[in-house]
Each structure stands twice: as structure tokens, then as C-alpha cells.
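Here is the naming used below: chain letters follow the sequence lines, and residue numbers restart at 1 for every chain. This one's a predicted model, so the numbers in the text were calculated from it and none came from an experiment.
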Amino acid sequence: MEYNFRDIEKKWQQRWVAAQTYKVTEDENRKKFYVLNMFPYPSGAGLHVGHPLGYIASDIYARYKRLQGFNVLNPMGYDAYGLPAEQYAIQTGQHPAITTEQNIARYREQLDKIGFSFDWSREVRTCDPQYYHWTQWAFQRMFGSFYCNTCHKAQTIEKLIEHFEKQGTADLDVAQTEELSFTADEWRAKNDVEKQQVLMNYRLAYLAETMVNWCPALGTVLANDEVVNGVSERGGYPVEQKRMKQWCLRVSAYAQRLLDGLDTIDWTDSLKETQRNWIGRSEGAEIVFKVKDSDKSFTIFTTRADTMFGVTFMVLAPESELVQELTTAEQRAAVDEYLAYVKKRTERDRISDRKVTGVFSGSYAINPFTGEANPIWISEYVLAGYGTGAIMAVPAHDSRDYAFAKHFGLPIVPLVEGCDISEESFDAKEGIVCNSPRTGVTPYIDFSLNGLTIKEAIAATKKYVREHNLGRVKVNYRLRDAIFSRQRYWGEPFPVYYKDGMPQMVPEECLPLELPEVDKFLPTETGEPPLGNAKRWAWDTKTKTVVDNSAIDNVTVFPLELNTMPGFAGSSAYYLRYMDPKNDEALVSSKADNYWQSVDLYVGGSEHATGHLIYSRFWNKFLFDLGVSCKEEPFQKLVNQGMIQGRSNFVYRINTEGAENNAELKEMMAKGPVFVSAGLKDQYDVTPLHVDVNIVSADVLDIEAFKAWRPEYANAQFILEDGRYVCGWAVEKMSKSMFNVVNPDMIVEKFGADTLRLYEMFLGPVEQAKPWDTNGIDGSHRFLKKFWNLAQSIIAQSEQNTPSNPSPAELKALHKLIKKVTEDIEVFSYNTSIPAFMIATNELSQLKCTNRAILEPMVILIAPFAPHIAEELWEQLGHTTSVCDAQWPVFEEKYLVEDTVKMMVAFNGKTRFSIDFPADADNATIEAAARAHELTPKYLEGKSIIKVIIVPKRMINIVMK
RNA sequence: GCCCAGAUGGUGGAAUUGGUAGACACGAGGGACUUAAAAUCCCUUGGCCAGUGAUGGCCGUACGGGUUCGAUUCCCGUUCCGGGCACCA
């Protein structure tokens with residue numbers, strides 16, 4: 001029987017649907033395993049071969065776990081809100097919901113052809129009101145919570161109000177935007193709006209006027225992770241800083257837990273490192289400096305408390321509120337001019353040119369350690385958003401301070417023995433401290449760091465600061481709160497209306513608040529977000545319904561929020577929703593959550609390291625605090641699949657200018673453009689041009705297809721080598737413009753889904769970026785044919801003959817395979833198990849294996865990789881149930897025991913030869929054999945054997961003359 | 001600048017975690033079958049040298065050292081490529 005993959009795959013895909021083979025339900029009697037892929041954004045372009053890579057890898061794992069008896073959850077859905085659908089809508093007027101729907105249908109069709117074991121009954125879509133109900137719900141809960149630094153978890157805001165009622169802000173240790181201070185009486189004296197304003201300072205979802213990344217071209221604000229090098233991640237448009245009132249999530253409150261959690265999960269080091277960098281914890285001290293001749297003081301943050309004696313000036317961020325306070329009358333004009341200059345500079349300017357700029361404020365600060373008055377400067381190199389927006393400058397030991405001091409001629413005092421600061425600052429945290437205090441200077445305080453290492457000096461200074469009330473020990477994080485508003489249409493609407501300018505939550509029982517219809521997807525003429533175009537977007541507090549805007553009276557009917565939520569909102573808790581996707585009572589029932597717990601294996605791209613993977617960890621931690629999620633970390637093991645790059649092909653067109661003196665060439669050019677084969681291109685002046693990889697096979701151009709590809713090439717002329725036109729190639733990103741996009745449908749059509757699956761895994765390690773090389777796909781297909789043929793001959797022969805026991809050689813081939821494949825799947829190294837299949841198949845073919853006791857386990861082993869062929873063979877072997885429900889074969893060591901061991905003999909420091917030995921040989925036998933070898937004059941030449949090493953782990957020392 | 005991860009044939013990549021480097025596949029070359037093609041099968045394929053030949057020798061895992069009987073693997077230094085962070089005090 002022929003391997004007819006088209007019929008086989010079609011047949012089984014239909015059967016799986018009919019039999020609901022991949023539907024899972026919670027089953028307390030079985031151990032669970034949760035496999036998850038990062039759900040895709042359904043773009044208009046459809047899937048290319050790079051997309052399914054991670055899905056195939058996780059599908060293999062999911063099928064493997066199922067064969068091992070686990071109850072496996074392997075869901076799929078769509079991250080359906082996004083910019084492209086909205087921009088398409090702006091251009092064409094087509095509603096994003098419609099294009100999204102169409103794209104999803106196309107994705108589904110493509111995915112279905114590849115034979116995944118997804119439980120589609122659990123599909124989620126972020127744009128589905130049933131789904132975003134719970135996105136809105138979580139947001140409301142964040143609004144109703146604050147973060148307690150003492151108990152390290154989120155608490156309901158009512159607890160905070162209680163605290164204020166009792167003692168104001170006394171003994172309050174919570175996450176906050178700014179440090180407020182009031183008494184219980186003062187709190188009680190506030191009116192409702194004032195109280196709401198105060199609470200905004202503490203809520204986990206809060207409305208705040210902040211500096212945001214504003215992207216004029218996209219007409220919206222962006223989160224920090226959506227801005228790369230001063231331009232928007234999508235589209236690469238310029239981004240500027242703008243002060244705007246926006247919803248924010250207090251992600252920073254969870255900074256320490258986000259950091260600590262990394263130690264409990266199984267992610268790659270580089271990904272953890274990326275997150276650690278992004279969180280950016282730094283331990284230091286806040287130290288208070290008094291302003292000279294004034295009762296004012298301000299606080300700075302430093303990680304180098306040991307350098308207190310080297311401070312020669314202070315610097316404020318231009319945006320700092322201290323700037324106005326500390327600028328003296330004489331310096332006012334100069335400072336104002338400088339502030340105007342800073343305001344003009346965009347984020348990009350700051351990044352691209354780092355010139356030293358600044359202005360003197362006119363004030364001085366008293367160094368609490370030296371008593372010196374240090375001038376206070378203002379400079380853009382100090383950031384308002386980090387620490388306190390003010391620093392103490394130690395030019396000897398900080399390169400930025402050094403550059404500033406050199407530029408403005410400020411003094412530089414070295415504090416480390418023997419350091420050279422004539423050319424640059426000494427930033428390293430190593431060496432012995434000196435000059436602290438300086439010799440010959442009367443100490444201002446009774447405190448010295450001289451002779452200590454820097455590490456000791458930092459600790460000693462912190463201790464002194466704490467004990468003398470000069471400041472406090474402080475940990476700072478780079479991680480900022482996430483801006484949560486977007487000025488867009490195609491996103492989750494906020495369940496929020498405004499009364500007296502303060503946000504109010506739409507009652508929980510009224511969720512979901514559905515996205516309204518608009519007739520235009522652009523911002524309104526007055527610059528409001530697109531939802532400003534909605535006619536029916538007001539909240540009636542009486543009827544608790546959305547009503548027409550005309551009804552707004554600000555008494556019972558109020559305007560609704562016009563912003564929508566960002567892309568990461570919908571993707572932050574979708575893994576919980578898969579556990580219980582139809583639940584209208586809760587995001588997830590505690591029963592389902594307790595069963596599925598958290599994702600055991602998460603597969604997706606590393607580009608989400610500082611976005612989705614931070615936000616969803618934060619979101620889950622919040623839900624954990626609420627008791628909704630039973631696990632603090634959502635993703636136990638994370639595997640980043642590498643990108644599949646395109647392999648582009650080039651043709652080389654000969655330029656007309658260089659061909660003047662070549663009559664033959666001129667003649668050819670008269671007929672049409674001339675292309676030269678890659679091997680001969682150096683002899684001509686050529687321009688390389690991308691050519692569609694689909695008309696190139698093994699780098700050889702299909703000339704007729706090329707002529708038909710573009711009208712201008714219809715009369716193309718070719719200079720061939722060995723009768724063929726060979727194309728050049730390069731590895732580039734897979735993209736339409738490079739004509740190197742390979743579509744999985746075409747591969748499936750030509751070779752079948754099983755071949756595609758096998759080949760994608762065979763290409764290389766899942767984690768690595770690798771080029772797609774269509775040429776190699778034959779190899780995988782050939783293997784499946786061989787496997788099929790082997791299976792057919794076994795099935796045919798075993799029907800004729802009475803069953804016999806498998807031979808030792810057959811068992812060895814099989815168990816070698818079981819061992820290798822099982823080990824490989826566990827460590828996600830599929831690219832090496834496929835060769836193992838090929839070898840085993842070849843070995844068994846050579847052994848003329850006829851034993852179905854060998855074939856059966858092999859079919860199970862291959863089922864995760866090539867499920868269609870496995871099902872077909874499983875049926876041919878007489879089984880009536882799906883191979884998915886078979887038992888993974890168990891490896892038995894006894895079949896693999898070698899009857900010989902290898903012995904290495906080393907002469908005087910050099911390994912010279914090896915001999916094979918019976919596996920159970922004792923040391924005396926081996927020694928005797930070694931001595932026998934010694935008699936071979938060739939190896940001897942007067943040397944003596946010093947050691948005999950038996951691979952793998954035994955060693956015998958033999959000394960002989 | 002700081003941090004992380006890498007570097008193996010013409011190509012993608014193996015190597016039992018310290019034990020005969022280059023599995024497997026692609027590509028290339030040669031052969032068998034066939035009127036022919038497709039399909040299939042077999043052989044060769046890291047480099048250099050010696051030999052008619054079976055074969056043998058030397059060099060080889062980015063570079064330079066080290067530990068070891070033995071290093072692609074461990075340690076130190078250098079170069080290069082990729083990724084993250086970046087006036088973060």
C-alpha cells in the first residue's frame with residue numbers, strides 16, 4: 001500500500017473532530033498537565049511556516065504527556081484586539097470586528113490542516129464580550145485595591161479608608177504615587193471628591209497626570225515596552241513626552257515579588273536576566289541635604305553611600321519641583337532659558353546626542369558628612385522619574401558626573417587609593433577608600449571610611465546614616481507603572497463613567513460593558529479618542545444601562561470613559577480563562593483553577609519578555625492576592641521558540657553601463673535584461689535582485705517560471721553555468737518584500753502535515769533562530785515513506801506467519817529509540833529524536849523485521865510527531881481506539897546492555913589505543929589484557945603503561961617496566 | 001559601558017555532559033535499475049600528506065594559554081556574532 005498522506009490526513013482530521021478526541025474535562029482522578037502557546041494576533045497575512053513552529057513543539061509535548069497518562073489541557077485562542085485591524089478600518093471603513101472574524105477563520109483553517117491536538121471547545125477571543133467581561137472585572141478590582149508593603153499583598157481599598165479614619169497616614173507603609181501626610185481628623189474633614197483624589201494616590205489601577213510616551217502618528221500613548229530607541233515599536237514613528245491624564249497600573253508595587261518569583265520558575269537564564277534588567281532593582285540610601293542659608297532640604301538617592309566625602313556638587317532633574325524652589329533670583333533668567341531648551345528636546349534627541357548641558361541654580365547644599373556647601377546644578381542627565389529626581393555628584397567615581405564636572409570646571413576628589421582619574425572616572429566598586437575624610441581637613445563629624453574596602457564603606461555609611469537620622473536605606477526599581485489608556489477604538493472599553501470629574505465604576509453586575517458602535521474610527525475633531533464618535537456612550541445610573549449621549553445631565557446620566565485598554569490587557573489572564581472559558585459567574589471557578597493550577601509549559605517568542613510576560617505575571621500575582629488564582633506564578637516552564645527566518649534567493653542582472661565593450665553581451669541585452677548565474681557573477685557588473693523562492697528549487701532557478709513571474713522578465717536572457725541558472729541566497733527576515741515567504745498550506749498540500757511537523761522540528765533546536773530551507777523537506781518526507789513501508793511489510797508478513805518473539809537486535813533498536821525519544825522530549829530537543837527514528841527504521845528494515853511487537857510501540861512513539869500516520873497504522877494494527885489513548889512504551893535497560901566495554905590504554909600521558917572487553921570483566925582480566933597489549937612492540941618502544949581507563953567510569957593504575 | 005547567551009564541514013546541526021568529533025539530513029559527486037524520466041536503492045563527501053591498493057600518518061570544534069592519561073565539553077585571557085538594559089545615580 002502506498003503512503004497516501006492526503007487521504008490519511010483528511011480522514012483523521014475529520015475523525016478527531018467527530019469523536020472530540022481532544023476535548024478535555026477536569027478529572028480529579030487523573031494528573032493534569034497544562035500546555036499553552038502564546039495565542040496569536042490574527043493578522044491579515046495568514047500563517048507562514050514560522051508561526052506553527054512553537055505550536056508543533058508544544059503539541060508534541062502535549063501528546064507525549066497524554067500518552068503518559070496525563071489529562072492534558074492544550075487550548076488555543078486569539079488575541080483579537082490590535083492596531084492593524086483598526087488601521088485597516090480607518091482606511092476602508094470596514095469594521096474591525098469583521099476583518100478580525102475573517103482573519104480568524106483563515107487562521108483556523110490553516111491550523112486545522114497541521115493536525116494539532118487543541119481543545120477548540122475552550123477557544124477564547126479577547127474581543128468577545130464574554131471574555132473581556134473579566135478583563136474589565138479585573139481592572140475594577142485593581143481600582144478597588146491598594147498594595148500593602150507590610151503584608152506584601154494587595155488589599156481592598158476599604159482597609160485603607162479604615163486606616164485613614166483611625167490614624168490618617170501615620171504608620172502607613174503602602175505603595176503610592178507620592179508620599180502624603182495627613183491626620184485622621186484632616187481625612188474626615190475632606191469632602192467626597194477630595195477623598196477620591198487622595199485614594200487615587202494608592203489604588204492599583206489609578207488615574208494620574210503623568211509624563212507619557214505620546215506617539216502623534218498613531219494618535220495614542222504607548223507603554224515603555226512599546227517604545228524602542230525613542231520610536232514606536234509598531235511602525236517606528238517618533239514618540240514624544242507629553243503630560244496627560246491616563247489610567248495606570250501600579251506594577252511597580254509588585255517589583256520585588258516579580259523579581260523574587262523569577263527564582264521559582266523554570267525559564268531560560270537570558271529571559272530571566274532580561275526581566276531582572278527591566279525591573280532594575282538597586283539598593284542604596286536616601287540621604288537628606290539641607291540647603292544653605294535656608295530651612296529647606298531635599299533628599300537624594302545613591303547606591304554609592306561610600307562616596308559622601310567626594311561630593312563636589314548636586315544636580316536636579318529639570319522637571320523636578322525643587323528647581324523652582326531652589327533657583328535664586330540672580331539665576332532665574334538662566335534657569336528659565338535652560339528649562340525652555342530642555343522642553344524642546346524629544347526622547348529621541350536625548351538618546352541620539354548626549355552633550356553635557358546644565359545650569360547653576362544659585363543655591364548650595366550642605367553635605368552632612370563634610371559640612372561643605374556644594375553648588376546645586378540643574379541638568380537633563382538627571383531623570384525626574386527615578387529615585388528622587390536629585391543626585392549628589394561624585395565626579396571621581398561616576399562617569400556622568402565626571403563629564404559634567406570637566407565641562408563646567410567643577411572640582412574632582414578621588415576617594416580610592418591609587419586610582420587614576422586624570423582621563424576618566426573610576427567607576428569600579430573595588431579598592432580601598434581614602435580621603436574620607438581628607439587628611440589635613442578637620443573632620444566635620446566623627447566618622448571615617450579610610451582603609452575600608454568599598455563594600456565595607458557602603459555598609460558602614462548606610463549604618464551611620466540610619467543611626468544619625470540623616471536619611472534611610474532604600475531600594476529603588478527601574479520598573480515603572482504601566483500606562484493603561486489607549487486613544488483607540490479597537491480595544492476593551494473601560495467600565496468607567498465620570499461624575500464631578502472623578503471616575504466611577506460601572507456596577508460589577510452590569511459587566512461586560514460592550515464596545516459601542518462608531519461611524520468613524522479616527523479621533524474626533526476636538527481630539528478626543530475614537531469612542532468620542534459614539535452616539536450612544538453614556539451611563540444611566542438609574543436604569544444601569546448604556547444610553548444615548550443626549551441624555552447626559554450629570555445628575556443621573558454621565559459620560560463614559562473614551563479611552564480603551566491596551567493590547568496587553570486581554571492577554572494578561574487568558575490562561576486562567578481557558579480553564580473555565582464558559583463561566584459567566586467568575587473569571588475562573590476555584591474548582592477549575594485548583595485542578596489546572598498554572599501553566600506547566602508555556603511556549604512563545606522572547607519578544608514578549610518585557611511586555612506580556614511581565615504584565616501577566618503582575619496580573620496573576622494580583623489575582624493570587626485576591627484568591628482567584630491559586631498559583632503565584634502563572635507559567636512554570638517557559639520555552640522561547642526561535643524565529644524562523646526566510647532564505648531569500650537572488651538573481652544577478654548585468655548592468656548595462658559595464659557592457660559597452662562586450663559585443664556578445666550587447667547583443668543579448670538588445671533582446672531583454674541579462675541575468676548571470678551566481679558562480680559567474682564576479683566577472684560582470686551586476687545588481688542582485690530578490691526572486692520569489694517558490695520558483696527556485698535547490699538554488700536552481702526555474703527559468704520558464706521566472707519569465708512568467710513578471711512581464712518585464714518575459715524576454716530575459718541568461719548566462720548559465722553547467723546548463724543551469726544558480727541563484728545566490730541570504731538569510732533574512734521572512735517577509736513579503738523579500739519574496740521569501742513560505743506558506744504552510746503549500747507544504748501540507750505537497751508533502752502532508754506530518755512531513756511539515758517533522759521537518760519543522762528537524763530544522764534545529766526549537767529555541768534557536770534558524771532559516772527555513774525548503775530544500776531539505778524531502779528528507780523528512782522520505783523518512784515517513786520508509787517508515788510507512790516498513791510498517792506495511794511488518795503488518796503484511798505478520799498476518800501470514802505465526803507471531804514470534806522479537807530478536808535481541810530488534811529489541812535493541814526499539815529500546816534505543818524509546819530511550820532517546822523519551823529523553824529528548826523531556827528536554828524539548830526534538831531535532832535529535834527524529835534522526836533516532838530514521839536510524840531505527842533503517843536498522844529494522846535491514847533486520848527484515850516482521851514483528852508487530854516492535855512496530856506497535858514505534859507507532860506510539862511517533863504519534864506525537866506525526867499523528868496522522870500513527871493513527872492510520874494504529875488502526876491497521878487492529879486497534880479501535882485512537883492512538884492518543886495508548887500507553888507510552890517503557891524503556892528497559894536490559895535490552896541495551898552492551899556485551900563489551902571499551903578500555904582505553906594510556907602510555908606516559910597519551911592515550912594510545914582501546915580494546916573491547918566483556919562487560920563483566922574484572923580488573924585482573926583487564927590488567928592481563930593490558931599487559932598482553934604491551935607486548936605489541938608498536939605501542940611499546942620502551943615506554944610503560946601508567947593507566948588503564950575503562951569507559952565510562954572505571955580506572956585502574958598499572959605500573960610496569 | 002554593564003549584563004546574558006553563543007562560535008563545530010559547502011549547509012542545518014549531532015556528540016551518552018570529560019572518553020575514538022562531525023550522528024542524521026540537505027547539498028555535491030559517482031553508480032545500479034529504466035528506452036527515458038520520475039521514484040527507489042547503493043557508494044564517496046572536514047583538510048593535508050604517503051600508497052596501485054586495502055590502508056596508514058599528520059592537522060582539525062573562533063584564537064591563545066591552563067587542568068587532565070584524555071578537553072567541542074572544565075578554568076583563565078582574547079576576538080567575533082546575537083540578545084537585553086542603558087545618562088537608572
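- U73(B) sits 13 Å from G60(B) when the P atoms are compared, rounded to a whole Å.
- The shortest distance between the side-chain N/O atoms of Ser282(A) and the OP1/OP2 oxygens of A89(B) is below 4.0 Å.
- Distance, Lys429(A) NZ to G1(B) C1': 15 Å, rounded to whole Å.
- A distance of about 11 Å separates the P atoms of G19(B) and C74(B), rounded to the whole Å.
- Classification of U17(B) as syn follows from a glycosidic angle within 90° of 0.
- Residue contacts for Pro771(A): at a heavy-atom cut-off of 4.0 Å it reaches no nucleic acid atom on any strand shown.
- Within 4.0 Å of Leu763(A), counting heavy atoms only, lie sugar-phosphate atoms of the nucleic acid but no base atom.
- Nucleic acid contact for Val382(A): base, since at least one base atom lies under 4.0 Å from a heavy atom of the residue.
- Protein atom CD of Glu273(A) is 10 Å distant from nucleotide atom P of C3(B), rounded to whole Å.
- Among the atoms of the strands shown, none is found under 4.0 Å from any heavy atom of Lys816(A).
- Across the P atoms, A15(B) and U67(B) are found 29 Å apart, a figure rounded to whole Å.
- Asp225(A) places its CG atom 11 Å from the P atom of A86(B), with the value rounded to the nearest Å.
- Taking the syn range as angles within 90° of 0, the glycosidic angle of G57(B) is outside it, so the base is anti.
- Taking 4.0 Å as the cut-off between side-chain N and carboxylate O, Asp778(A) and Arg782(A) do not count as a salt-bridged pair.
- Taking 4.0 angstrom as the limit, Tyr381(A) places none of its side-chain polar atoms (N or O) nearer than this to OP1 or OP2 of A89(B).
- In terms of heavy atoms, Met308(A) sits closest to Asn367(A) at O-ND2, 2.9 Å.
- Surrounding CD of Glu424(A) are at most 12 heavy atoms belonging to other residues, nucleotides or ligands under 6.0 Å away.
- Rounded to whole Å, atom C1' of G82(B) lies 15 Å from atom NZ of Lys770(A).
- Here Lys785(A) lies in heavy-atom contact (under 4.0 Å) with sugar-phosphate atoms only.
- Residue Arg782(A) places at least one side-chain N or O closer than 4.0 Å to OP1 or OP2 of C26(B).
- The CD atom of Gln768(A) sits 13 Å away from the C1' atom of C81(B) (whole-angstrom rounding).
- Near RNA chain B, defined here as any heavy-atom distance below 4.0 Å, the residues from residues 827-834 of chain A are Asn831(A), Thr832(A), listed numerically.
- Centroid-to-centroid, the aromatic rings of Phe404(A) and Phe313(A) come within less than 6.0 Å.
- Within 6.0 Å of CD in Glu2(A) there are 12 or fewer heavy atoms belonging to other residues, nucleotides or ligands.
- For A5(B), there is no paired nucleotide, since no Watson-Crick or G-U wobble pair has both relevant distances below 3.5 Å.
- Heavy atoms of Arg480(A) sit under 4.0 angstrom from at least one base atom.
- Nucleotide C41(B) forms a Watson-Crick or G-U wobble pair with G31(B), both donor-acceptor distances falling under 3.5 Å.
- With rounding to whole Å, Leu262(A) atom CG is found 15 Å from C85(B) atom C1'.
- Cation-pi contact between Arg276(A) and Trp267(A): absent, since separation from the ring centre below 6.0 Å together with deviation from the ring axis within 45° is not met.
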